[in-house]
Number of protein chains: 2
Amino acid sequence: MINVILLGGGNLAYHLTNEFLNNAAINLVQVYNRSLASISYLKGKTAITNDIKQLKEADIYMLCVSDNAISELSIQLIFKNKLVVHTSGAMGLNTLKSTSNKGVFYPLQSFSKEKEVNFSNIPIGIEANRTKDEDLLMQLAKAISKQCYLINSEQRKHLHVAAVFVNNFVNHMYVLGNEICDAHQIPFEILTPLIQETALKLSSLSPFEAQTGPAKRNDSQTIETHLSLICENQQKIYKLLTQSIKNTYGKKL
Amino acid sequence: MINVILLGGGNLAYHLTNEFLNNAAINLVQVYNRSLASISYLKGKTAITNDIKQLKEADIYMLCVSDNAISELSIQLIFKNKLVVHTSGAMGLNTLKSTSNKGVFYPLQSFSKEKEVNFSNIPIGIEANRTKDEDLLMQLAKAISKQCYLINSEQRKHLHVAAVFVNNFVNHMYVLGNEICDAHQIPFEILTPLIQETALKLSSLSPFEAQTGPAKRNDSQTIETHLSLICENQQKIYKLLTQSIKNTYGKKL
């Protein structure tokens, strides 16, 4: 049984709390948050506090707080032989200013409170200074997820940028597609199966192999027609991405 | 029972042929292709020909050929009281030069021969000059799909551009994410659950609501860090999309 204390009250804290409470391999000893109100729903399920001095004993102290709160909060965690970890994809191990042992426990998914989460399908990247701590974090990760990886701070920085491309920027492409549909009274739902197929295709093809469309075919007539149909912002993006696709395939074919 | 003759031998032709052969509401009378070899696997299942003069009688003649072959092939189809349709998202109704009645039957999905297709989840946009033909095409569409829409030529042009954004450009974001992972020995599969979640989220949230990330939060420190980590082409795209996301939320919030 791994004893964990969780610090934070945001979306990730909410989902991890639920997961830890329902996982037989994990004992959620306590949850800390600056505001007690937002974790009061945990009363009766685990101990809660808003006083850092009242933190109990545990194996792992897990910070689920915003990136710029990590240093400030961790500096107050003065333990010996305890493991303090943060859960951020963007921050290095040394963002932690605790005097104790340090680690990272990074669940790679985008969380919202409304949407239920199945952690078994969420990849977890872990890192620690000491092999012993790495083992403990790997044990914790494997208790909740099927996909666990050792990812060091340098790799995690790059992984975080890659995630911006495949998540934030992809979603922005959906926003632009939706704009076009709305402007012409086309129900956006007509595109949902194509969107899902594009994502699911990656289980059988690499993205490089899966590429289709006028840019890949170098079909300049279709490209010109498309450009004539869209607004200036959409044109800029269409042109740049078309050029990037052309370069990708021009280079490698 | 709707009698259909299909003309073409590409990916879409292949999948529609299979679907029509296995659908009790549809009688696939014949398949035409310039090269007999690529449709010879149909021998014994339906009539095949490479001679346009040998086309049999049917209700619908469906062209599943490349966009620039539609006019040339359709001009040879001289029927009275028959319906000739094409299956292209990019082409207007009047690309058809047949003397007979005209229509469009546009399955909105990206097809590859290797991957099996379940048409019941593929949206179909239909269009015809006459209400009677619209009804017939709607009947055919409903026999194979749960999502059938009347989409006119003007709408279809815009829908096709929207599809480039949500399919081709999205896949290119996957390619860029993959490049970043490869450059830093990170297995790309670590991003697959995030990618699929980003797509599946659209069943409960609009893309406008689903947007997250540093651009949406206007988190300039993270944006600067990210830009310092990536190559020139990735930087250009990162900057333009970040600006476009900022504009989208600056405008509407």
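Note on naming: letters A, B, ... go to the chains in the order of the sequence lines (proteins, then strands), and numbering restarts at 1 for each one.
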Between [options], which has the largest tally of heavy atom pairs under 4.5 Å with chain A?
options                                : value
B:Leu240, B:Thr242, B:Asn121           : B:Leu240
B:Gln211, B:Gln196, B:Met173, B:Gln155 : B:Gln211
B:Asn171, B:Ile151, B:Val161           : B:Asn171

Portion of [X] that has a non-hydrogen atom of chain B nearer than 4.5 angstrom:
X        : answer
A:Gln234 : both
A:Ile245 : both
A:Ile190 : both

Inset, instruction - Would you kindly say whether B:Asn178 and A:Ser206 are connected by a side-chain donor-acceptor distance under 3.5 Å? - result: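 Checked: B:Asn178/A:Ser206 side chains show no N/O donor-acceptor pair below 3.5 Å.
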
Legend entry - Polar side chain donor-acceptor pair, A:Asn167 to B:Thr198, under 3.5 angstrom: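 The answer is yes; a qualifying pair exists.
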
Inset, instruction - Looking only at non-hydrogen atoms, find the nearest pair between B:Pro207 and A:Tyr174 and report the distance. - result: CB-CB, 3.6 Å

Answer with side chain, backbone, both or neither: which region of [X] has an atom nearer than 4.5 Å to a non-hydrogen atom of chain A?
X        : answer
B:Gln147 : side chain
B:Pro214 : both
B:Ser204 : side chain

Which distance, rounded to the nearest 0.5 Å, do you find between the [atom1] of [X] and the [atom2] of [Y]?
X        : Y        : atom1 : atom2 : value
B:Thr225 : A:His160 : OG1   : NE2   : 10.0 Å
B:Leu194 : A:Ile122 : CG    : CD1   : 9.5 Å
B:Leu159 : A:Leu191 : CG    : CG    : 5.5 Å
A:Leu241 : B:Asn168 : CG    : CG    : 10.5 Å

Inset, instruction - Please confirm whether B:Phe169 and A:Tyr238 have ring centers closer than 6.0 angstrom. - result: yes

Inset, instruction - Kindly indicate whether the side chain of B:Ser244, heavy atoms from C-beta on, has any atom under 4.5 Å from the side chain of A:Ile237. - result: yes

Legend entry - B:Glu189 and A:Tyr149, any side-chain heavy atoms less than 4.5 Å apart: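 SC-SC contact between A:Tyr149 and B:Glu189 confirmed.
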
Inset, instruction - Name the option with the most non-hydrogen atom pairs under 4.5 Å to chain B; the candidates are A:Glu154, A:Gln109, A:His158. - result: A:His158

